[in-house]
Novice: 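Here it is, the structure in full.
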2 protein chains.
Amino acid sequence: MTDIPRTARPTMKDVAARAGVGLKTVSRVVNEEPGVTEDTISRVQAAIDALGFRRNDSARLLRKGRTASIGLVLEDLADPFYSPLSRAVEDLARAHSTLLFTGSSAEDADREQELVLAFCARRVDGLVIVPASEDHRYLEPEIAAGVATVFVDRPAGGIDADVVLSDNAGGTREGVAHLIAHGHRRIGFIGDLPRIHTAAERLRGYREAMEDAGLPVHGNWVSCGPTAPGRVRAAVESMLSGPEPVTALFAGNNRITVTAVRVLADLPSVVALVGFDDFELADLLRPAVTVVAQDPGQLGRTAAGLLFQRLDGVAGAPKRVELACRLIPRGSGELPPVP
Amino acid sequence: MTDIPRTARPTMKDVAARAGVGLKTVSRVVNEEPGVTEDTISRVQAAIDALGFRRNDSARLLRKGRTASIGLVLEDLADPFYSPLSRAVEDLARAHSTLLFTGSSAEDADREQELVLAFCARRVDGLVIVPASEDHRYLEPEIAAGVATVFVDRPAGGIDADVVLSDNAGGTREGVAHLIAHGHRRIGFIGDLPRIHTAAERLRGYREAMEDAGLPVHGNWVSCGPTAPGRVRAAVESMLSGPEPVTALFAGNNRITVTAVRVLADLPSVVALVGFDDFELADLLRPAVTVVAQDPGQLGRTAAGLLFQRLDGVAGAPKRVELACRLIPRGSGELPPVP
DNA sequence: CTGAAAGCGCTTACAG
DNA sequence: CTGAAAGCGCTTACAG
């Protein structure tokens, strides 16, 4: 035998030596290319089995140019909102015989860039990105080099690229209009950091709905900031006190909604509530929680679908797809105003 | 200039040509190896910047042997139980400058194998696997070739390998004993498919707790099967009817618990409930739901920690780590029996 | 039908 | 301090 190689793995060269054929013949058998005698095939196959040969796809793909892998960067793999999105991307990747790298940016622009560039350094064919950064010009050379890139949930910053969004402003308008239709005139809005695109859009939707109904928005009816429970609690309490207390709340995302439910459960007042984003068990709470639901799975499917279209050679200007939201009345949003 | 290459990407060769130096010198500069003149460095750096060169890590790693990537295979990326596990694995991977491939087996043994072997074909350094298959002998050649492998949540089948588990039997014993301590004598168990290791262990824990208390287990007090809501609903209804109706239920996982809560909410009877697995908002339901909680993040951290120990060269016999569960009383498990 | 040579984009081992 | 040659494990392009 030959001396022990660095890795214990047999290569095509080893198989060729053992079968007494050329390297290319092994390659033909492994890839099921035509034009090899039955007899040769079985000799090669015997050598493959004896040595336990398994092709090194990394080496193969280096030679072929494509890596048959894509990267997914999102805020947090563990956030229930994003997991159906990841799963949808994964399902499309599988359907295209593509492997998936994943990474969480933790809402940190540097970490996003680090992950994205690490994926690019592995020469992924494409990227699906839920942006944390506001400036994606660092991606220009990669996109120019042919890395297909689709942004999802939030648009890219500083570059023009494919993006799939929910209709955040429209969904919020509908949710707030729903509260207005149920008699509310003083409605509070508690949102995420306004530098986040979705948060800014939802705030815009709230203001538009109030304006459309000819309602004023008092200064302390709007609170934007981190989703930390303490901040949200303080915002709710502040909106419910003072001379012009709100009778209804619109919560800007699922974490804020859940905190609002907890806070309201401890208070004597009856306050109507509509939340952006659906969440599990919303229907089991009392009152059940009315929400404006996005479809994170559909967001992921649409984004990945667009990505694979690009990888299949569909050219053209960057696309912007906006998915509708759906109001789900369950009880908390239909409570009448209590002065 | 040279003719247009297949890929638009500049390589070290291009950088070397432009800087008027050898290939190895470019490699030295890119890898910040010592022994290059300041002057040469700046010439190379200028060429790198001008061409927008970014090293191809796939090629690099092919030469180096390690791929600095690991694969994670679990049942479903979108299952809230597994997302903190994934996130924990991801965090450790990042700390070890390692990229993470992920894939969902969807509880399908073939799909698990397909994913695992695809990761191995890319020559991942290691694997973290939540098994769907009951036979992992297909992994023997890979493990022999040096792929570090850690199983988590359920043990491997047919091979001896590192594994990190929750104490499923012990946790269930504690949960059932808790119901017994609150006066229950007729307690039902609704579990997942018994071919799933965790489901079998939890059933064992239930039987042991009943036996320890000298209580009989009637035939229709135990129902194992898919977690489909219809099946669970039928099981609950069956256990609550007949001559010996149960006064308490133990639900074998989070999905079953949630369905049980829904079913019980529609019924007039007051039935105590303890569920295996914690879930969000369990404390907001009325009654709040008592659970036996695992720590999926800890499961992931422990498994990934073990994996990177192996990759750092820690040898020795396969390890089996069992993590304790924690009973969290919230109300539903402290309800007294109502005949 | 089969295989030797060159190459994918890097690093290693060596020589100057 | 610098670089030409060989090699990681495959595929491509070509010749026989």
Side-chain angles (χ1 to χ4, degrees), chain A residues 2-44 47-48 51-68 120-123 125 145-146, chain B residues 2-44 47-48 51-68 120-123 125 145-146:
Chain A
T2 56
D3 53 332
I4 294 169
R6 286 189 347 166
T7 107
R9 295 203 181 258
T11 68
M12 282 194 180
K13 201 174 148 195
D14 301 323
V15 174
R18 176 159 188 135
V21 300
L23 196 56
K24 177 60 198 169
T25 299
V26 178
S27 175
R28 285 199 182 89
V29 173
V30 169
N31 296 303
E32 298 179 318
E33 287 171 31
V36 187
T37 330
E38 276 305 321
D39 182 57
T40 308
I41 292 181
S42 48
R43 280 210 339 272
V44 171
I48 287 174
L51 295 172
F53 169 79
R54 284 177 181 176
R55 183 179 62 196
N56 181 334
D57 278 350
S58 291
R60 166 170 218 252
L61 295 165
L62 169 63
R63 191 64 182 82
K64 291 198 90 86
R66 273 207 175 185
T67 60
C120 289
R122 300 297 176 98
R123 296 297 182 262
D125 299 328
Chain B
T2 56
D3 53 330
I4 295 169
R6 285 190 348 168
T7 105
R9 293 204 183 256
T11 68
M12 281 195 181
K13 201 173 148 196
D14 301 322
V15 174
R18 176 156 186 139
V21 300
L23 195 57
K24 177 59 199 172
T25 298
V26 177
S27 175
R28 285 200 182 89
V29 173
V30 169
N31 295 304
E32 298 179 317
E33 287 171 29
V36 186
T37 328
E38 276 304 321
D39 181 57
T40 309
I41 293 181
S42 48
R43 278 205 348 267
V44 171
I48 288 174
L51 295 171
F53 169 79
R54 284 176 181 176
R55 183 179 62 196
N56 182 333
D57 278 351
S58 291
R60 167 169 217 251
L61 294 165
L62 169 62
R63 191 62 182 81
K64 291 198 89 86
R66 273 206 174 186
T67 59
C120 289
R122 300 297 177 99
R123 296 297 184 263
D125 299 327

Novice: I would like to know whether A:Arg55 and A:Asn31 meet side-chain contact (heavy atoms from CB on, under 4.5 Å); could you show each step before the answer?
Specialist: CA-CA 10 Å; A:Arg55 183 179 62 196; A:Asn31 296 303; 2.3 Å; yes

Novice: Classify the nucleic acid contact of B:Arg28 as base, sugar-phosphate or nothing, counting any heavy atom under 4.0 Å across all strands shown.
Specialist: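 Base, at least one base heavy atom under 4.0 Å.
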
Novice: How far does the P atom of C:dG7 sit from the matching atom of D:dA4, given to the nearest Å?
Specialist: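 My reading of the P atoms in C:dG7 and D:dA4 gives 16 Å.
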
Novice: Under 4.0 Å between a side-chain N/O of B:Arg60 and OP1 or OP2 of C:dT11, yes or no?
Specialist: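 Yes, B:Arg60 has a side-chain N/O under 4.0 Å of OP1/OP2 on C:dT11.
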
Novice: Could you check whether B:Arg18 pairs with B:Asp14 (Lys NZ or Arg NE/NH1/NH2 to Asp/Glu carboxylate O, under 4.0 Å)?
Specialist: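 Judged by the 4.0 Å cut-off on N to carboxylate O distance, B:Arg18 and B:Asp14 do not form a salt bridge.
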
Novice: Reckon B:Thr37 has a side-chain N or O less than 4.0 Å from the OP1 or OP2 of D:dT2?
Specialist: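 So the side-chain polar atoms of B:Thr37 do come within 4.0 Å of the phosphate oxygens OP1 or OP2 of D:dT2, strictly under.
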
Novice: Across the strands shown, which category fits A:Thr40 at heavy-atom distances under 4.0 angstrom: base, sugar-phosphate, nothing?
Specialist: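 Here A:Thr40 touches the backbone only, sparing every base.
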
Novice: Could you give the CD-to-C1' distance, from B:Glu33 to C:dC10, as a whole number of Å?
Specialist: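 After rounding, the gap between these two atoms is 12 Å.
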
Novice: In whole angstroms, how far is the C1' atom of D:dG7 from the CG atom of A:Leu23?
Specialist: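 Going from CG in A:Leu23 over to C1' in D:dG7 covers 14 Å.
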
Novice: Give a yes/no on whether any side-chain N or O of B:Arg9 is located under 4.0 angstrom from OP1 or OP2 of C:dC8.
Specialist: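 Answer is no, no contact under 4.0 Å.
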
Novice: At under 4.0 Å between heavy atoms, what does B:Val30 touch on the DNA or RNA strands: base, sugar-phosphate, or nothing?
Specialist: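 Nothing, no heavy atom under 4.0 Å.
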
Novice: State which of D:dG9, C:dG7, D:dA4 makes the closest approach to the side chain of B:Lys24.
Specialist: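 Nearest nucleotide to the side chain: D:dA4.
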
Novice: CZ of B:Arg66 versus C1' of C:dT11: gap in Å, rounded?
Specialist: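 Value for this atom pair: 17 Å.
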
Novice: Taking the minimum atom-to-atom distance to the side chain of B:Lys64, which one of C:dT11, D:dC8, D:dT11 wins?
Specialist: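 Between C:dT11, D:dC8, D:dT11, the one nearest the side chain of B:Lys64 would be C:dT11.
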
Novice: Remember a base hit wins even if backbone is also touched, and classify A:Asn31 as base, sugar-phosphate or nothing at under 4.0 Å, heavy atoms.
Specialist: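 Result for A:Asn31 = sugar-phosphate.
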
Novice: Can B:Leu51 and B:Val15 be said to form a side-chain contact (heavy atoms from CB on, under 4.5 Å), step by step?
Specialist: CA-CA 7 Å; B:Leu51 295 171; B:Val15 174; 4.0 Å; yes

Novice: What is the distance from atom CD1 of A:Ile48 to atom CE of A:Met12, rounded to the nearest 0.5 Å?
Specialist: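 Between atom CD1 of A:Ile48 and atom CE of A:Met12 there are 7.5 Å.
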
Novice: On DNA chain D, does the nearest nucleotide to B:Arg123 precede the nearest nucleotide to B:Ile41 from the 5' side, or the other way round? Give the residue.
Specialist: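 That would be B:Ile41.
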
Novice: Please report the interatomic distance CZ(A:Arg28) to CD1(A:Ile41), rounded to the nearest 0.5 Å.
Specialist: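 Answer rounded to 0.5 Å: 11.0 Å.
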
Novice: Please map the stems of DNA chain C, keeping only stretches of three or more Watson-Crick or G-U wobble pairs with both distances under 3.5 angstrom.
Specialist: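 Only these stems qualify: C:1-3 with D:14-16, C:5-12 with D:5-12, C:14-16 with D:1-3.
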
Novice: May I have the distance from B:Arg54 (atom CZ) to C:dG9 (atom C1'), rounded to whole angstrom?
Specialist: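 The answer, rounded to whole Å, is 17 Å.
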
Novice: Side chain of B:Ala59: nearest nucleotide among D:dG9, D:dT2, C:dC10?
Specialist: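 In terms of side-chain proximity for B:Ala59, the closest of D:dG9, D:dT2, C:dC10 is C:dC10.
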
Novice: Find the distance B:Glu38:CD to D:dC1:C1' and express it as a whole number of Å.
Specialist: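 B:Glu38 atom CD is separated from D:dC1 atom C1' by 13 Å.
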
Novice: Indicate yes or no for a side-chain donor-acceptor contact from B:Asp57 to the backbone of A:Arg122 under 3.5 Å, with no hydrogens or angles considered.
Specialist: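 No.
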
Novice: Output all residues satisfying salt bridge (Lys or Arg N to Asp or Glu O under 4.0 Å) with A:Lys13, sequence neighbours left out; order by chain, then residue number.
Specialist: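 Counting only residues at least two positions away or on another chain, A:Lys13 forms no salt bridge (Lys or Arg N to Asp or Glu O under 4.0 Å).
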
Novice: Where the side chain of B:Leu62 is concerned, which of D:dT11, C:dC10, C:dG9 is the nearest nucleotide?
Specialist: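 Within the option list, the nearest is C:dG9.
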
Novice: Of the listed nucleotides (D:dG9, C:dT11, C:dT2), which one gets closest to any side-chain atom of A:Thr25?
Specialist: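 Of the options given, the side chain of A:Thr25 lies nearest C:dT2.
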
Novice: What integer distance in Å separates B:Met12:CE from C:dG9:P?
Specialist: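 Whole-Å distance recorded here is 12 Å.
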
